[in-house]
2 protein chains.
Amino acid sequence: MTKRLTTIKDIARELGISVATVSRAMRDTYDVSAETRKLVLDTAAKMNYRPNFNATGLVKSGTHKIAVIIPAITNYYFSTVITGIQEYALEKNYQVMLYLTNDSAYWETKVVRELSLSSVDGLLVCITCETTDLSHFQELIEADMPLVFFDRVPDTINTSMVVQDDYTGACKATEHLIAQGYTRIAHLAGPRGLNLTQQRMQGYMDTLKRHNLESFGIIHSGFSDENGRQDMQMLFNGDVKPDAIFSVNDRKAIGAILWLRERHIPVGAEVGVIGFTNDPTSKIISPSLSTIAEPAYEIGRTSCEVLIRHIQKQNYPAQEISLPTELIVRESTKRS
Amino acid sequence: MTKRLTTIKDIARELGISVATVSRAMRDTYDVSAETRKLVLDTAAKMNYRPNFNATGLVKSGTHKIAVIIPAITNYYFSTVITGIQEYALEKNYQVMLYLTNDSAYWETKVVRELSLSSVDGLLVCITCETTDLSHFQELIEADMPLVFFDRVPDTINTSMVVQDDYTGACKATEHLIAQGYTRIAHLAGPRGLNLTQQRMQGYMDTLKRHNLESFGIIHSGFSDENGRQDMQMLFNGDVKPDAIFSVNDRKAIGAILWLRERHIPVGAEVGVIGFTNDPTSKIISPSLSTIAEPAYEIGRTSCEVLIRHIQKQNYPAQEISLPTELIVRESTKRS
DNA sequence: CTGGGTTTCGATAACGTTCTCGCTACTATT
DNA sequence: AATAGTAGCGAGAACGTTATCGAAACCCAG
């Protein structure tokens, strides 16, 4: 109820010295003798002293907090990215504040705008799939607030961004399908307007062209397994049906496998399926799902690293980092 | 680079009035005329003013931030709990800071101890499975810091806690196995010392006893699917083998199904498996997994609600809330 | 002893807000 | 017309910390 925490003044009074000395002793800086320093540190520990970040933040105008703005965390990719962010941040003594936009542009704008600029040192954001207007981010940049995008990045804004190599990842996936002998390949694409959707689609199309193949259909929709099922329904409506599916992510690919399984269409032998992410369920589902593994944890770490660099030295040049992916072959692309 | 944000003083100077008036106008309180209020609000918007939380926090000694300390977020349960916490917090205008302990008691203690008490208004924590010493939490309580535990709760400490009804959930699961005709039932238990492990085990044992059955083995280990596999190996070593498994969570149950599938032991028909959580992969795996659904999202929301109540009125009595679970029957417990 | 150079420390002003007073000017009451 | 009451505002202290500047206290060379 009282909740009077012990302050630097209490320690000063206790020891009969000035607050300035205590402050200096606490941050073991120059201008303080070894013995008083030890004395201060000991009594600080004894009195259970904790620094008041509001006060330090006020005078130093820095809060050692970063905001992470992300569509959701209930999937493997995002939660792993956050784990990477969190671990790096803690190493560097930064604290992370979490904001979920639930893939709503309205919430994203609201959070960014209402987020008191003074309460964080920088932002790490993955935009929603609805985001088209970027003015709320533009305002941050004009206020010199460090900002780095990851995974889903806008392409008309000049800041640091870190992504997996979506284009060559898609190339690898398509290449693999072709090597397995599939020829009527369709693509379950992501929502339009997302850079990532564009990159993965482009990799798919370029690889087909390189092999003189035509696309057997591209359907844009959301990222859920339910979306995957619906897309399959549309794709298999016609007379000639595809014999392979490259999905923009694993969740939709899993939806596709489920759809095929229900119709007793042999996955792999008759129609191959490959995803993107390497979600843990991709090796639990049967048949297990071939996929392109994304370095989610590293994306979290390095985007946090880039952000902290921006925070610590102003005018640190904007980076564009692209981390490699890896093809993982499982049962869903085995012909026999 | 300059990053000089506009302050309340700038607005006062601009309008030729005092800072006190601006401050009052901003929080539309008494003692300010409607017209000056409007004037202040308009110029504040025009000058792009954002409140400095360090300053308000310093004088009001409240930060509108809560800390969430959790073992991990890369699984369905925890990430869903956090989603619930986040949404409720945002509604009430609180911000959430995330700390991952990675199930290490060392990190938990470190985070709690170094977390400046003055930087958050309260804590929401789910302890690690190693946590035995609770002194770091005890210190918080003595400093009157609001604290509520969820899911994994210590039982020797006097604070609010919110959990799912582990005991009756386990009863339902065991009851269901018995109703399906399984008789040689084993239990894949959680780590020793966890309240949740104890509750689910007790529900299992009491239900068996009520039906005059004996336990066919209890194995304690971690929460991963790998743990589930290893436990199965041990259980099936003997001459007489169990015909049903009740697992403390879905991940271990999935490990069990995988283990059985690899050995071509028909899941359901020969050995039934039931889990706990209702992880989304439980309906993707084949055969799909029967389970006890936990209200993860509601646990997040209500624990956040209880915490904010504690923050807002001192001496709010400690709550012990237990949310109901639900039996979900799928293929893994079907005999035919 | 004197004087210049260190070392160690203390006073004090900031940081941006809120809060407690008190003061003015206006309205209402008698 | 005099007084009481009230609405609106300003001056200044406070919150806990850091930063700047200067003042002791000490050392050692001359």
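Letters A, B, ... are given to chains in the order of the sequence lines, protein chains preceding strands, and every chain is numbered from 1. Here the structure is a predicted model, which means the values were calculated and not measured.
- Applying the 4.0 Å criterion to OP1 and OP2 of D/dT18, one finds that A/S23 has a side-chain N or O inside that range.
- The ring pair (Phe, Tyr, Trp, His ring centres under 6.0 Å) check on A/F149 picks up A/F137, with sequence neighbours excluded.
- Residues forming a side chain to side chain contact (heavy atoms under 4.5 Å, CB included) with A/D103 (at least two apart in sequence, or on another chain): A/P71, A/T128, A/C129, A/R152.
- In this structure, the nucleotide among D/dA19, C/dC15, C/dC19 sitting nearest to the side chain of B/K60 is C/dC19.
- Across all non-hydrogen atoms, the minimal contact from B/N52 to B/Y49 is N-OH, 4.4 Å.
- Taking the side chain to side chain contact (heavy atoms under 4.5 Å, CB included) definition, one finds that B/R113 meets it with A/R50, B/T109, B/S135, B/H136, B/E139, sequence neighbours left out.
- The side chain to side chain donor-acceptor pair (under 3.5 Å) test applied to B/T63 returns B/D121, not counting sequence neighbours.
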Worksheet item: Just by protein heavy atoms under 4.0 Å, how would nucleotides 6-14 of chain D read 5' to 3' in B, S and -?
Response: --BBBB---

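- Atom CG in A/N54 sits about 10 Å away from atom P in D/dG16, given to the nearest Å.
- Residue A/F53 is out of contact with every strand shown, counting any heavy-atom pair closer than 4.0 Å.
- Atom CZ in B/R50 sits about 17 Å away from atom C1' in C/dT17, given to the nearest Å.
- Rounded to whole Å, the distance from CG on A/L58 to C1' on C/dA14 is 9 Å.
- Sequence neighbours left out, the pairs with a member in residues 304-322 of chain B that pass salt bridge (Lys or Arg N to Asp or Glu O under 4.0 Å) are B/E305-B/R309.
- Residues in residues 83-100 of chain B take part in these salt bridge (Lys or Arg N to Asp or Glu O under 4.0 Å) pairs, two or more places apart or across chains: B/E91-B/R301.
- In this model, the phosphate group of D/dG16 is not approached by any side-chain N or O of A/R13 to a distance below 4.0 Å at OP1 or OP2.
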Item to complete: Quick one: do B/E108 and B/Y99 satisfy side-chain hydrogen bond (donor to acceptor under 3.5 Å, both in side chains)? Show the steps, please.
Response: CA-CA 9 Å; B/E108 181 182 273; B/Y99 299 89; over 6 Å; no

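- Across the protein-nucleic acid pair, A/K9 atom NZ and C/dG10 atom P stand 16 Å apart, rounded to whole Å.
- Residue A/R27 places its side chain closer to D/dA19 than to any other of D/dC15, D/dA19, C/dG16.
- Taking atom CG of A/N52 as the reference point, atom C1' of C/dC15 lies 13 Å away to the nearest angstrom.
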Going by atom type alone, with no hydrogens or angles, which donor-acceptor pairs under 3.5 Å involve a side-chain atom of residues 154-161 of chain B and a protein atom two or more places apart or on another chain?
unit_1, atom_1, unit_2, atom_2, d
B/D155, OD2, B/N195, ND2, 3.1
B/S160, OG, B/H310, NE2, 2.6
B/S160, OG, B/Q319, N, 2.7

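- Nucleotide D/dT17 holds its C1' atom 14 Å from the CG atom of A/L5, rounded to whole Å.
- For A/I8, the listed nucleotide lying nearest its side chain is D/dT17; candidates were D/dT17, D/dA19, C/dT18.
- One end of the helix from C/dG5-D/dC26 to C/dT30-D/dA1 points its axis 60° away from the other end's axis, with each axis taken from 5 pairs and the angle rounded to 10°.
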